[in-house]
Amino acid sequence: MTVKQKSADEIVNRMIQLAENNYNCSQILMTLALDQEGRDIPDLIRAMSGLGDGCGFFKETCGVMTGAACLFAWYAGKGADSEEESAKLLPMLQDFDDWFRHEIGDKYNGTRCQDIAGDLVGTPEVKQICGAIIFQTFGKVNEILASYGFIK
């Protein structure tokens with residue numbers, strides 16, 4: 001599938017707009033992917049809200065990490081009785097996990113929201129930290145999806 005690539009400035013501006021409208025990290029990541037596909041699925045964005053801020057303010061696994069897992073599954077998972085999960089889903093998730101743990105986990109001493117954002121979880125100040133992670137992750141997700149033939 002060919003996607004509409006946006007410039008870094010366009011992506012950052014869209015992220016700022018979404019953050020100002022109170023979308024969480026997982027929702028922002030999925031919205032960027034939907035925008036790229038030219039699609040609008042409010043129910044999907046609503047469902048993603050449960051992953052933000054460490055799975056619903058529990059400060060556990062980073063919502064960007066779990067949101068990215070959902071994004072890979074959106075492309076490669078089973079969605080109907082007539083479909084099969086792609087054999088590429090698990091390798092994509094493993095590639096992403098390796099990258100995220102190295103790039104983000106090593107920098108923040110873990111991949112939990114608490115590790116990354118600490119006491120800033122749920123505050124406006126955390127947007128700088130999380131925004132950078134969302135931007136970096138969105139690029140990596142697209143790179144992995146392209147390498148497995150899901151997008152061009």
Side-chain angles (χ1 to χ4, degrees), residues 3 5-6 8-79 85-86 88-148 150-151:
V3 297
Q5 296 292 333
K6 292 185 176 186
D9 286 344
E10 289 173 313
I11 293 168
V12 169
N13 287 335
R14 180 66 167 138
M15 288 171 52
I16 290 167
Q17 175 192 29
L18 292 165
E20 287 175 348
N21 284 310
N22 298 315
Y23 290 96
N24 70 34
C25 54
S26 301
Q27 292 174 300
I28 292 170
L29 186 63
M30 185 59 78
T31 299
L32 293 174
L34 288 168
D35 288 353
Q36 186 169 263
E37 295 280 345
R39 298 182 65 186
D40 181 31
I41 310 174
D43 289 342
L44 177 56
I45 299 305
R46 190 174 303 108
M48 297 297 291
S49 69
L51 300 176
D53 297 309
C55 294
F57 288 96
F58 298 122
K59 301 180 184 179
E60 290 300 325
T61 304
C62 172
V64 180
M65 187 178 196
T66 56
C70 290
L71 213 159
F72 287 117
W74 182 54
Y75 278 93
K78 179 180 176 72
E85 179 178 288
S86 171
K88 297 176 181 180
L89 179 57
L90 184 57
M92 287 192 301
L93 289 169
Q94 289 171 329
D95 289 352
F96 176 73
D97 180 68
D98 291 344
W99 173 84
F100 196 89
R101 288 182 188 283
H102 174 73
E103 291 296 319
I104 307 302
D106 287 355
K107 181 177 181 177
Y108 293 100
N109 297 314
T111 59
R112 295 179 324 132
C113 190
Q114 180 66 43
D115 300 328
I116 296 166
D119 293 335
L120 296 177
V121 174
T123 68
E125 293 80 16
V126 80
K127 291 178 183 178
Q128 293 295 319
I129 296 168
C130 297
I133 294 171
I134 294 167
F135 183 80
Q136 192 176 2
T137 297
F138 185 61
K140 187 62 178 183
V141 166
N142 279 326
E143 179 185 310
I144 292 170
L145 287 169
S147 74
Y148 282 87
F150 284 94
I151 63 173

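Since the model is a prediction, treat every value here as computed from it, not as a measurement. Residue numbers run from 1 in the order of the sequence given.
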Self-check item: Positive for side chain to side chain donor-acceptor pair (under 3.5 Å) with Arg14, one of Thr31, Asp9, Asp35
Solution: Asp35
Quiz item: If you round to the nearest 0.5 Å, how far is SG of Cys70 from CE of Met30?
Solution: 6.0 Å
Practice problem: Give, for atom CZ of Phe138 and atom CE of Met15, the distance between the pair rounded to the nearest 0.5 Å. | Solution: 9.5 Å
Quiz item: Which heavy-atom pair separates Gly67 from Leu29 by the least distance, and what is that distance?
Solution: C-CD2, 3.8 Å
Quiz item: Which pair of heavy atoms, one from Cys25 and one from Gly52, lies closest together, and at what distance?
Solution: SG-CA, 3.9 Å
Practice problem: Please step through side chain to side chain contact (heavy atoms under 4.5 Å, CB included) for the pair Leu89 and Tyr75, ending with a clear verdict. | Solution: CA-CA 8 Å; Leu89 179 57; Tyr75 278 93; over 6 Å; no
Quiz item: Asn24: what forms a side chain to side chain donor-acceptor pair (under 3.5 Å) with it, not counting sequence neighbours?
Solution: none
Practice problem: Return the set of residues passing side chain to side chain donor-acceptor pair (under 3.5 Å) with Glu85 (not counting sequence neighbours), or none when no residue passes. | Solution: none
Quiz prompt | Residues forming a side-chain contact (heavy atoms from CB on, under 4.5 Å) with Asp95, sequence neighbours excluded | solution = Ile144, Tyr148
Quiz item: Are more than 12 heavy atoms from other residues, nucleotides or ligands located less than 6.0 Å from atom CD of Gln128?
Solution: no
Exercise. Report yes or no: is the cationic atom of Lys140 (NZ for Lys, CZ for Arg) closer than 6.0 Å to the six-membered ring centre of Phe96, at no more than 45° off its axis?
Key: no
Let me have the donor-acceptor pairs involving side chains of residues 99-106, under 3.5 Å, with sequence neighbours excluded, atom names and distances please.
{"unit_1": "Arg101", "atom_1": "NE", "unit_2": "Asp97", "atom_2": "OD1", "d": "2.8"}
{"unit_1": "Arg101", "atom_1": "NE", "unit_2": "Asp97", "atom_2": "OD2", "d": "3.0"}
{"unit_1": "Arg101", "atom_1": "NH2", "unit_2": "Asp97", "atom_2": "OD1", "d": "3.4"}
{"unit_1": "His102", "atom_1": "ND1", "unit_2": "Asp106", "atom_2": "OD2", "d": "3.3"}

Quiz item: Listed by chain and number, what are the salt bridge (Lys or Arg N to Asp or Glu O under 4.0 Å) partners of Asp98, not counting sequence neighbours?
Solution: none
Practice problem: Could you list the residues that satisfy side chain to side chain donor-acceptor pair (under 3.5 Å) with Arg39, not counting sequence neighbours? | Solution: none
Quiz item: How long is the span from the CD1 atom in Ile129 to the CG atom in Leu120, to the nearest 0.5 Å?
Solution: 5.5 Å
Quiz prompt | Atom pair NZ/CD of Lys107 and Gln136 - distance to nearest 0.5 Å | solution = 7.0 Å
Practice problem: Determine the minimum heavy-atom distance between Val126 and Ala117, stating which atoms define it. | Solution: CG2-CB, 3.3 Å
Practice problem: Report the residue from Leu34, Ile28, Leu18 that forms a side-chain contact (heavy atoms from CB on, under 4.5 Å) with Ile45. | Solution: Leu34
Exercise. Spell out, as yes or no, whether a donor-acceptor pair under 3.5 Å connects the side chain of Asp115 to the backbone of Arg112.
Key: yes
Quiz item: Does a side-chain heavy-atom distance below 4.5 Å link Trp74 with Glu37?
Solution: yes
Quiz item: Looking at Gln27 and Ser49, what are the two nearest heavy atoms and their distance?
Solution: NE2-CB, 3.3 Å
Exercise. Going by the side-chain contact (heavy atoms from CB on, under 4.5 Å) test, name the single residue among Val64, Ile11, Val12 that passes it with Ile134.
Key: Val64
Quiz prompt | Nearest-0.5 Å distance, CE of residue Met92 to CG of residue Leu71 | solution = 9.5 Å
Quiz item: Are any of the side-chain heavy atoms of Ile16 and Glu20 separated by less than 4.5 Å?
Solution: yes
Exercise. Locate the shortest heavy-atom distance separating Leu51 from Ser26; write the atom from each residue and the value.
Key: CB-OG, 3.2 Å
Exercise. Hey, could you give me the NZ/OG distance between Lys78 and Ser86, rounded to the nearest 0.5 Å?
Key: 13.0 Å
Practice problem: Output, in order, the C-alpha distance, side-chain angles, deciding distance and verdict of side chain to side chain contact (heavy atoms under 4.5 Å, CB included) for Gln114 and Asp119. | Solution: CA-CA 7 Å; Gln114 180 66 43; Asp119 293 335; 4.2 Å; yes
